[in-house]
Amino acid sequence: MMNIVSLNEQREPVTTSAAVADGTARPHEGVIKVIRQNLDDFEGFGRVGFEIAPFETAGGTQKREVAILNEHHATLLITFMRNTGIVKEFKIRLVKAFFDMRDELRNQAAPALPDF
């Protein structure tokens, strides 16, 4: 299983369409399709980035388009999904992962107190 949330080059927490597909046991093609069909709604929360990324299959390494999603994008995407058990469980893990990453960044930015 992949990390749900990571930092992009600007040190902002992000996830990917691949992480959402993996975490919700949905085909990645379907997740990308939802994003593409609703791109104007997603981009109301900032630009959605797309990249070509490798992934492993039984036949070897393949490449696919992956969407890079900020917290708002990811929240919107998971609200579009039906609340099956696995989706509901993933929603909880995703929200927690974004909060944990934000807390970690906040702790890194806090100045160290002097040691008297």
Side-chain angles (χ1 to χ4, degrees):
M1 174 165 286
M2 60 181 56
N3 289 335
I4 298 173
V5 174
S6 61
L7 294 177
N8 65 10
E9 292 174 357
Q10 293 76 35
R11 295 195 42 81
E12 300 165 335
V14 295
T15 192
T16 66
S17 54
V20 173
D22 184 51
T24 59
R26 304 271 192 225
H28 184 255
E29 299 82 23
V31 173
I32 280 287
K33 184 176 179 181
V34 168
I35 295 167
R36 286 281 185 199
Q37 288 176 338
N38 298 282
L39 193 57
D40 287 343
D41 296 328
F42 283 95
E43 291 198 333
F45 297 101
R47 185 179 161 275
V48 176
F50 292 92
E51 63 183 35
I52 302 300
F55 71 104
E56 296 301 319
T57 68
T61 303
Q62 304 281 326
K63 292 185 179 183
R64 65 181 168 195
E65 178 183 49
V66 175
I68 309 302
L69 308 169
N70 66 27
E71 185 174 1
H72 295 106
H73 298 141
T75 301
L76 182 60
L77 177 58
I78 63 175
T79 62
F80 288 160
M81 296 182 169
R82 185 171 290 127
N83 273 337
T84 63
I86 195 166
V87 170
K88 196 171 164 185
E89 182 180 302
F90 178 74
K91 287 178 181 184
I92 293 166
R93 288 187 311 142
L94 182 65
V95 169
K96 183 176 179 351
F98 270 109
F99 275 90
D100 289 348
M101 182 65 74
R102 193 175 314 130
D103 289 345
E104 184 178 321
L105 288 171
R106 190 177 303 122
N107 289 339
Q108 289 175 0
L113 296 175
D115 185 16
F116 294 107

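Keep in mind that this is a model prediction, so the values were computed, not measured.
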Verify the neighbour count for atom [atom1] of [X]: are there more than 12 heavy atoms of other residues, nucleotides or ligands below 6.0 Å?
X    : atom1 : result
E9   : CD    : no
D40  : CG    : no
R102 : CZ    : yes
F55  : CZ    : yes

### Task
Would you give the length of the straight line joining atom CG of N38 to atom CD of E43, rounded to the nearest 0.5 angstrom?
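Reported to 0.5 Å precision, the distance equals 11.5 Å.
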
Measure the shortest side-chain to side-chain distance between [X] and [Y] over non-hydrogen atoms and say whether it is less than 4.5 angstrom.
X   : Y   : answer
V66 : I52 : no
D41 : L76 : yes
R26 : T84 : yes
N70 : H73 : yes
F45 : T75 : no
F99 : V95 : yes
F50 : V48 : yes
K91 : V87 : yes

#### Entry: Check against salt bridge (charged side-chain N to carboxylate O under 4.0 Å, His left out), R36 and E65
CA-CA 11 Å; R36 286 281 185 199; E65 178 183 49; 2.4 Å; yes

Honestly curious: do [X] and [Y] fall in one hydrophobic cluster under the side-chain, below-4.5 Å linking rule?
X   : Y   : result
V34 : I86 : yes
I35 : V20 : yes
L69 : I78 : yes
L7  : V14 : no
V31 : V5  : yes

### Query
Aromatic rings F80 and F42: how do their planes relate, parallel, tilted or perpendicular, breaks at 30° and 60°?
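Plane angle over 60°, so perpendicular.
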
Closest non-hydrogen atom pair between [X] and [Y], with its separation:
X   : Y   : result
T61 : P54 : CG2-CB, 3.8 Å
F98 : A74 : CE1-CB, 3.9 Å
A19 : T16 : N-OG1, 3.0 Å

#### Entry: side chain to side chain contact (heavy atoms under 4.5 Å, CB included) assessment of D22 paired with I4
CA-CA 9 Å; D22 184 51; I4 298 173; over 6 Å; no

#### Entry: Carboxylate-amine/guanidinium contact E51 R64, below 4.0 Å
no

### Task
Sort out for me which residue in T24, T15, L77 forms a side-chain contact (heavy atoms from CB on, under 4.5 Å) with L94.
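One option only clears the test, and that one is T15.
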
